Structures are given as C-alpha cells and as structure tokens.
Amino acid sequence: MTRRRVSSHRGGRTARPATSRPVPAAVSGPSARPRVGVLGLQGDFALHAAALVAVGCEPVRISLPEHLEGIEAMVLPGGESSTMLRLLDSTGLRAPLEAFVRTRPVLGTCAGLILLSREADRLPRPTFGAIDMAVERNGWGRQVHSFEDTIDAPTVARDLRGVFIRAPRIRRVGKGVEVFANYQGEPVGVRQGRVAAITFHPELTEDRRLHAWFVREVAGLIPAEAR
Ligand code: GLN
C-alpha cells in the first residue's frame, strides 16, 4: 500500500483544476442539471463545484439562507469546523441549514463530517447531530496529521484514494449508521439514510466516483448526462 505524506493543506492541492471555469446555468426541461449546494462560508467551494459539474450537476454556493431555495442536495466541505459553526450563526444560515439536513440529502467531508456528527470535541457551538457518531477532531495526531492513502469503500470504488488533512477520527458509530468506507480497520465513511460523511477530501483528486455515488445512490438524483 503506498502512503504519501501531504505536507500541508495547500500542498495537497496540486491537482487543482481551473476554478474560474463558468458554472453552467440551469436550463429547464429534462436536461436540467440537479442543483446541488456547496456551503461556501469557509473551506473549499471551488473544487467541490468542479467535481459536481463533472458528474452532471449544477453547483450553487450557499452563504445566505435564501440561497437554499430550489437546492436538491448539499455538500458541506472541509475547512475549520469551529469557524464554520460561528459563521453559520452570524449569517443566519444555521437554522435553515439544520432544517435542510433533517429532510434532504447531504454529504459532509472532513470539517463537514464534524458538523453532521452527534458528538465532537472542543467546539464553540453544538453540532447538527444528523449522524449518530462521536468524532475526535484532528484525531490522527501531529506526526501524520496529513496523508494520502487507498480507502476500502467497495460500494463506491475498490481503489479510491483518500486525502486526509488534519482529519477527524470516528470513535463511535451508532446502530443505525452504515460504515461504507474503512481505512486500516477504522470507519472513514459513514451513512445514515440520506446523510453521508467522510473524513477525507475527495475533491482533491481527479477521481469523481465519490461525488457520483453521492448524487446517484445517496441523493437519488439523475445527473444531466444520464438523462
Ligand atoms: N481539523 C479541522 C476541524 O477540526 C478539519 C480539517 C479539514 O476539514 N480538512 O474542523
């Protein structure tokens, strides 16, 4: 198994695609792309948006409550969960986003997984509790706080690469939680109904299978190229 250290958050982003690429406008009728929101308060909007375009969706940056209108699913990206929780309060997004998470499909990655968890350590505000699990923030410690390796996620892809950046560690999962991805025998991808979360960053590789799996299998959406 090859294991590669990632020197820093920025260092892991060498494969960054063009972020200025225009996002296709919504078109009505059967060829319309499902509108998938990406929380855009802090953390990586652009790379998730590029991945969502590649899998046939229309990404929408969500930074105010009114942006949620007409959104069919959401991605909560990586970043800093404590900062995100503060910004959710100051923008007024917390309540509408929590309501969205209770009823609609959501994918959380890294800090996004922390927001969706039931229990997490050292945070200024409560998490959403959408997935019955306890997580330890920055759980891999200083020595290996960022690394890349192959993930065992048979329902998504056998050879998925996971980029872990100051990643949380899942310490407990409840009975109703399905573990769909493991790394070294530990859960790194979990799902409870319409809500899925992973401790790594799928947007930092060119591999779009995790986003495609979320859109089709978890959210039940039909992307543009499949119509
Ligand atoms: N360590 C961050 C946190 O606690 C998460 C890191 C990430 O999203 N890459 O929120």
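The shown structure was predicted, so the numbers you read here are calculated from the model rather than taken from an experiment. Ligands are counted one by one from 1 in listed order, and the atoms in each one are counted from 1 as well.
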So for ligand 1, is [X] a polar contact partner (N or O within less than 3.5 Å, distance only)?
X: Gly79; result: yes
X: Asn138; result: yes
X: Ile165; result: yes

Indicate whether any N or O donor in one side chain lies under 3.5 Å from an N or O acceptor in the other, for [X] and [Y].
X: Arg166; Y: Ser146; value: no
X: Arg118; Y: Thr127; value: no
X: Tyr183; Y: Asp152; value: no

Going by the order shown, which atoms of ligand 1 are within less than 4.0 Å of some heavy atom of [X]?
X: Arg166; answer: 1 (N), 2 (C), 5 (C), 6 (C)
X: Gly78; answer: 8 (O)
X: Ser81; answer: 3 (C), 4 (O), 10 (O)
X: Cys110; answer: 5 (C), 6 (C), 7 (C), 8 (O), 9 (N)

For Met84, is the nearest heavy atom under 4.0 Å from an atom of ligand 1?
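Contact absent.
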Do Thr109 and His48 come close enough that some side-chain heavy atom pair is under 4.5 Å?
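Yes - at least one pair of side-chain heavy atoms lies under 4.5 Å apart.
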Can you tell which part of Ile114 has a heavy atom less than 4.0 Å from ligand 1: side chain, backbone, both or neither?
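It is the side chain that gets close, since no backbone atom is under 4.0 Å.
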Arg137, portion touching ligand 1 at heavy-atom distance under 4.0 Å
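Arg137 to ligand 1: side-chain contact only, backbone stays beyond 4.0 Å.
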Sequence neighbours left out, what passes ring-ring contact (aromatic ring centres under 6.0 Å, His included) with Phe200? Give chain and number order.
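For Phe200 the ring-ring contact (aromatic ring centres under 6.0 Å, His included) partners, ignoring immediate neighbours, are Phe164.
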cation_pi(Arg191, Phe180) dist<6.0 Å, angle<=45:
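Output no; distance or angle outside limits.
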Does Glu136 come within less than 4.0 Å of Arg169, counting only side-chain N to carboxylate O?
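Salt bridge between Glu136 and Arg169, a charged N being under 4.0 Å from a carboxylate O: no.
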